[in-house]
J.: 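Please see the structure below; I have some questions.
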Amino acid sequence: MVLKLNNVTGGYSKTPIIHDVTFEVKRSQITGLVGLNGAGKSTTIKHILGLLTPHSGEIEVSDRKIQEDVELYRKNIAYIPETPILYEELTLKEHIFMTAMAYGITEGEALNRAKPLLKTFRLDGKLDMFPTHFSKGMKQKVMLICAFMVEPDLYIIDEPFLGLDPLGIESLIQLLIKERNAGRSVLMSTHILATAERYCDKYTIIHEGKIVGDGTLEDLRKQLNMPDATLDELYIEITGSHQYE
Amino acid sequence: MNSKQLFNTRLKEDIGLRAYYSKYIFNSHFLLFLTITIGVFIYSLVGFIQDAEPSIWYLLIGSIVLSLSVMPSYRSLLKEADGLFLLPYESHMKTYFQGTLRYSLALNVVLMVLGVALSALLISINLSLSHIIIVVLAALVIYVFHLIIYRVAINSKWNHWSVIGLLFVTSVVTLFLTMMFPWLAPLIPVALIGLYIFFSKQVHTNLNWFRYINHEKDARNRYFRVVSMFANVAHMDGQYKRRRYLDKLLPNFKKDKFNKENMYEYLFYRSFMRDNDLPMIILRLIIIAAIIMIWLNIWWVSIVIGVFVIYLIVLQMNQIYSQQAYLLWPKIWPVKRSYIQESYIRYSNKLVVVLSLIIAVVFILVHLEQFYMAAILPIWGYLINRVLSKGIYKKESMLSD
């Protein structure tokens, strides 16, 4: 198991935002963490990253808890935030080098790994530029390159399609599939369900801080007895959002 | 909320901000330094004036100093969202803008008075007291008119530097002529009214919110840049700039040094070299220190100035640590947080010692006989860096989870 959350309750203050969150991400699996704005997706991710400490419950990444060895725990994770967070003073190449140094990758290996990614996202030739001068989509691509260069056990991607152009979205989807085939796992939060439905192996549906559905599309259809339902329809049924229509 | 209440809210906010940063700027060390420097400066200037013979050059320098001190600095206190939310309220903003004009006049009064006093001392070599009073009154009229003209010009096609350049040149010429021919003084308001009419005819029909807001943003940033010499300022815009010619000085870690132990040192050097202001502020501080050392030529005053400038440099450099330590990535990357501190210690010690040595060399060149006293400067640099750095590490560990 690459990621395991067991009865995690937590939040920013003493008042919990997520309650008894339990789910798993297996090796070679793309899991969509699905929920409305404010459902608790980002809070869950922050707990997994160790940016927030759970009030109760346990989190394991590649069978290791953060308390055991924070460095080894984080070495197995690459994170792509919803909004690109870049160093204003570093060029694209220097961002790649900083990430490489942080994850113990040599300079040569970093460039070897980055080269195809730069080509995929059409950023080759921009290595000596400051990414802060890039467009929002290009900045997001820098984040993707730095993360995919690491080749960790688990990718955590917060709203991956925001700001990307259609070519960028397609490249990202292909890359996610490639990484999954290479034995790596992905947890991505999204509320763009139609896109998620195309390539996620499993969905964890979070609503008002609680897990209200967890499984493959088929599992969810069976549970709800809606054999031909789309993910959108299942989501509305599970969360009871139709009541508000 | 009406226009007056809006102005009062913004005024209160700006005064609060200035009061907050003033605590850091005018700390006891700086006040001590100011007292010593200004005291010694006035003492030597008065001595110089007593011995000097009248010359037209003093009038020219006096008119330049006077013109610099009456240059307008307008603060509209507008915010980005105002361009959207206040747009329908534009016709009711008269009271607001009148308030900002009065506030801007008051804000620059201290610098203006200092400039006027300094140039009055300088032109007293040539002019009588009554003549000096005429020049000072002319300068005050220019000060008020400049601000009114400048505010109008923001809403025209003229760019900032063209307006400032024009006002500066006309001010130098009119003040210099007034020093030469005091009977010309009554013509100054007439010329300024002419200038006002000239700009008024070129303003946009409606308020150009975009220009006013950008102007305010620039003015705010300039203020923060001054404050950043003494304290950490959060969220300054355009903080970094690529200087390709400095890239050669940046260390590129290879093989055994290309690792997590050194990655923050790699980052700190880049943060320093590419900071929009920091290298230039440090260069300016060293140049100012050198000028004062040469001008005053008193060895113990030079040591005080050197010590103070090094203190300012170390304070400046500490900002880089704070900026990096609180970012997201150090909390995500699989790197011990202690590496940030260790890297900062290596980087800052090297840089502070090099900069202290430059100041020490200036000291030796000015005071060859007391050359051995220059040793104080790098030692002080090293020690003050240790003390101030420990303060920020402590603050960081207190704020960390």
Side-chain angles (χ1 to χ4, degrees), chain A residues 12 45-46 48-53 61-62 64 66 69-111 128-133 143 146-147 150 152-153 156 158, chain B residues 234-248 250-279 319-321 323-340 343 347 400-401:
Chain A
Y12 296 89
I45 285 176
K46 280 178 183 151
I48 299 168
L49 292 169
L51 296 175
L52 294 173
T53 310
V61 172
S62 299
R64 188 174 285 111
I66 196 164
D69 189 327
V70 66
E71 267 190 81
L72 279 176
Y73 176 92
R74 287 188 171 147
K75 201 167 180 174
N76 291 315
I77 301 173
Y79 171 58
I80 299 157
E82 181 183 349
T83 314
I85 301 171
L86 294 156
Y87 284 101
E88 270 186 71
E89 65 272 46
L90 295 185
T91 64
L92 170 55
K93 192 180 185 181
E94 288 162 352
H95 274 90
I96 292 171
F97 284 169
M98 280 292 283
T99 313
M101 284 190 260
Y103 284 87
I105 304 165
T106 63
E107 186 182 344
E109 183 60 22
L111 288 174
D128 280 325
M129 288 172 74
F130 276 0
T132 43
H133 298 159
M143 296 275 86
C146 289
V150 172
D153 285 351
I156 297 179
D158 204 352
Chain B
H235 310 302
M236 257 178 27
D237 289 343
Q239 217 171 329
Y240 295 99
K241 190 159 99 181
R242 184 80 189 267
R243 297 183 179 94
R244 284 184 190 275
Y245 56 93
L246 290 181
D247 278 4
K248 285 179 188 131
L250 292 170
N252 276 312
F253 296 146
K254 299 282 174 193
K255 287 179 184 168
D256 53 327
K257 287 197 92 183
F258 192 88
N259 54 35
K260 56 179 78 177
E261 283 89 340
N262 295 300
M263 61 183 281
Y264 287 105
E265 199 178 339
Y266 178 88
L267 177 63
F268 287 136
Y269 280 114
R270 280 155 181 81
S271 301
F272 173 74
M273 290 291 201
R274 290 168 182 170
D275 192 284
N276 201 16
D277 304 306
L278 195 50
Q319 287 181 42
I320 287 182
Y321 177 82
Q323 281 160 12
Q324 303 305 342
Y326 297 107
L327 286 180
L328 174 75
W329 293 113
K331 295 171 192 159
I332 300 282
W333 282 329
V335 181
K336 283 181 193 151
R337 285 192 73 80
S338 61
Y339 289 162
I340 308 180
S343 292
Y347 144 83
S400 299
D401 297 331

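The chains referred to below are lettered A, B, ... by the order of the sequence lines, with proteins before strands, and numbering in each begins at 1.
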J.: Side chain to side chain contact (heavy atoms under 4.5 Å, CB included) with A/Glu107: which residues, sequence neighbours excluded?
T.: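 Residues passing side chain to side chain contact (heavy atoms under 4.5 Å, CB included) with A/Glu107: A/Phe97, B/Lys254, B/Phe258.
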J.: Quick one: list whatever passes side-chain hydrogen bond (donor to acceptor under 3.5 Å, both in side chains) with A/Ser62, sequence neighbours left out.
T.: A/Asp153
J.: Who pairs with A/Glu94 by side chain to side chain contact (heavy atoms under 4.5 Å, CB included), at least two apart in sequence or on another chain?
T.: A/Leu90, A/Thr91, B/Tyr266, B/Arg270, B/Arg274
J.: Of all the residues in residues 78-86 of chain A, which have a heavy atom that comes within less than 4.5 Å of a heavy atom in chain B?
T.: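 Contacts with chain B: A/Tyr79, A/Pro81, A/Ile85.
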J.: Of the options B/Tyr339, B/Tyr264, B/Phe268, which is the one that meets B/Tyr347 in a ring-ring contact (aromatic ring centres under 6.0 Å, His included)?
T.: B/Phe268
J.: Could you check whether any side-chain heavy atom of A/Leu51 comes within less than 4.5 Å of a side-chain heavy atom of B/Ile332, counting everything from C-beta outward?
T.: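 With C-beta onward as the side chain, the pair touches.
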J.: Against chain B, label A/Ile77 side chain, backbone, both or neither, depending on which of its atoms sit under 4.5 Å from a heavy atom there.
T.: neither
J.: State whether the side chain of A/Thr132 and the backbone N or O of A/Tyr87 hold a donor-acceptor pair below 3.5 Å, judged by distance alone.
T.: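 Not at all, since once roles are kept as given, no pair shorter than 3.5 Å links the two residues.
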J.: Does the B/Asn259 side chain pair with the main chain of B/Asn262, one donor and one acceptor, at a distance under 3.5 Å?
T.: yes
J.: Which bit of B/Leu328 is near chain A, if near means a heavy-atom gap under 4.5 Å: side chain, backbone, both or neither?
T.: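 Contact with chain A involves the side chain of B/Leu328 alone.
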